Amino acid sequence: MIKDLLSEIGMCRRMVFITMLSFTCAVLLYSCKGGQGKKSEVNQKTSQNSSADEPSDLERFDVAKFNKDLVDNERNLIDNNGNILHQYKTKDGFHEDLTRPKSYFFLSRSFYKDGRLEEKGERFHGDGFLKGIWTNYNGAGHVIKQVDYDAPFKFNWDNILVLMKEKNIDPADNFTYVNREVNASGPVWIISWDTKAVTSDGKKILKGIFVNGETGNTSKEETENFEE
């Protein structure tokens, strides 16, 4: 994604940091639930030929315009309002991400080869968590599935924003990573951020925590040094 300024090597190192935190996550969820694991499913709704699928025809991918402006299988635009549009070809059609100014989220949309909308939803920057309801369409433009990714999280995004403010975490920073998952023990948030401090040899000091998605209980903060 255009907004993500991390190098490929840097992203790999950050994912190693997230993997390290997973050990703390297991301890956190076990203690919060008294050792009783419970899986919370993401809500899914399936609809056939409902009236809600009419707008899909209004969200068609302009294949001709894309091919005209194509550079290395991609098309990138910035409009007068500062919106950034990143489009590219996929194996099954096309994909585009729309990043809007002053928003922590980008609109993600996938399209069939004929330009019809296949899937849409919002995602936190830096390939973070999927937000709200994501909708899938068949080739005729009808809704075939809707998934509410917010549903399992009683400790929701607004609560996370308050927590981040308390910890002086900037949600818009390129080094701020927010993801979430529902595992065998329940819903959990994954957060890592740049402390803005550096080591004596110039490495960034990152911190990370896991947050229970039901209670809001947090793990102990873990620290990792990051070299750009």
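What you see is a predicted model, and the numbers here were worked out from it, not measured in a lab.
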Atom NZ of Lys167: over 12 foreign heavy atoms under 6.0 Å: yes

message: Hydrophobic cluster membership, with links at side-chain heavy-atom distances under 4.5 Å among I/L/V/M/F/W/Y: are Phe106 and Tyr88 in one?
response: no

message: Are Trp157 and Val178 packed together at the side-chain level, in the sense that at least one heavy-atom pair is separated by less than 4.5 angstrom?
response: yes

query: Taking all atoms of both residues into account, what is the closest heavy-atom pair of Pro101 and Asn83, and its distance?
result: CD-OD1, 3.2 Å

task: Answer yes or no: are there more than 12 heavy-atom neighbours, outside Asp72 itself, under 6.0 Å from its atom CG?
output: no

task: Check whether Leu70 and Phe61 end up in the same hydrophobic cluster, where Ile, Leu, Val, Met, Phe, Trp and Tyr are linked by side-chain heavy atoms less than 4.5 Å apart.
output: yes

Side-chain ion pair, Asp170 and Lys196, N-O less than 4.0 Å: no

query: Between Ile133 and Leu107, is there a shared hydrophobic cluster once you connect ILVMFWY residues whose side-chain heavy atoms come closer than 4.5 Å?
result: no

query: Looking only at heavy atoms, which two atoms of Arg180 and Leu130 are closest? And how far apart?
result: NH2-O, 2.8 Å

field: Distance-minimising heavy-atom pair for Asn156 and Trp189
entry: C-CZ2, 3.8 Å

field: Euclidean distance, Glu119 CD relative to Asn136 CG, rounded to 0.5 Å
entry: 4.5 Å

- prompt: Between Arg75, Gln87, Glu74, which is the residue that forms a side chain to side chain contact (heavy atoms under 4.5 Å, CB included) with Asp69?
  reply: Arg75

query: Less than 4.5 Å apart, any side-chain heavy atom of Val162 and any of Asn159?
result: no

- prompt: Going through the distances and angles, do Ile209 and Leu163 end up as a side chain to side chain contact (heavy atoms under 4.5 Å, CB included)?
  reply: CA-CA 11 Å; Ile209 56 172; Leu163 177 66; 4.2 Å; yes

message: Counting neighbours of NZ on Lys131 that are heavy atoms of other residues, nucleotides or ligands and sit closer than 6.0 Å, is the number greater than 12?
response: yes

- prompt: So, Phe129 versus Phe124, ring centres under 6.0 angstrom or not?
  reply: yes

field: Shortest non-hydrogen separation from Pro187 to Glu214 and the atoms involved
entry: CG-CG, 3.5 Å

- prompt: Got a second to check how far Ile205's CD1 is from Glu224's CD, nearest 0.5 Å?
  reply: 11.0 Å

message: Main chain of Arg60, side chain of Arg109: is a donor-acceptor contact present, judged purely on distance under 3.5 Å?
response: no

4.5 Å side-chain heavy-atom contact, Thr176 and Ser192: no

task: Kindly say whether Ser108 contributes a backbone atom to a donor-acceptor pair with the side chain of His95 at under 3.5 angstrom?
output: no

Where Asp194 and Leu206 come nearest, the two heavy atoms and their spacing: CA-CD2, 3.6 Å

- prompt: Looking at CG of Leu85 and CG of Leu98, how far apart are the two atoms once the value is rounded to the nearest 0.5 Å?
  reply: 6.0 Å

- request: Measure from the side-chain N and O atoms of Asp79 to the backbone N and O of Asn81, and report whether any donor-acceptor pair falls under 3.5 Å.
  value: yes

- prompt: Donor-acceptor pair, Asn67 side chain versus Ala64 backbone, under 3.5 Å?
  reply: no

message: Ignoring hydrogens, what is the shortest heavy-atom contact between Tyr177 and Asn179? Give both atom names and the distance.
response: OH-ND2, 2.8 Å

message: I'd like to know if the side chain of Ser110 and the backbone of Glu118 have a donor-acceptor N/O pair within less than 3.5 Å.
response: no

task: Decide yes or no for Thr215 and Phe155: does some side-chain heavy atom of the first lie under 4.5 Å from some side-chain heavy atom of the second?
output: no

field: Rounded distance [0.5 Å steps], OG1 in Thr218 versus CD in Glu166
entry: 10.0 Å

message: Looking at Phe210, is its backbone amide N or carbonyl O close enough to the side chain of Ser219 to form a donor-acceptor pair, meaning the two atoms are under 3.5 Å apart?
response: yes

query: Rounded to the nearest 0.5 Å, how far does CD of Glu59 lie from CD of Glu96?
result: 9.0 Å

Short side-chain to backbone donor-acceptor contact, Asp150 and Gly132, under 3.5 Å: yes

- prompt: Looking only at atom types and distance, does a side-chain atom of Arg123 sit under 3.5 Å from a main-chain N or O of Gly128, one as donor and one as acceptor?
  reply: yes

- prompt: Is Trp134 reachable from Tyr112 through a run of I, L, V, M, F, W or Y residues, each pair having side-chain heavy atoms under 4.5 Å apart?
  reply: no

- line: Interatomic distance, CZ@Phe94 vs NZ@Lys89, rounded to 0.5 Å, equals 6.0 Å

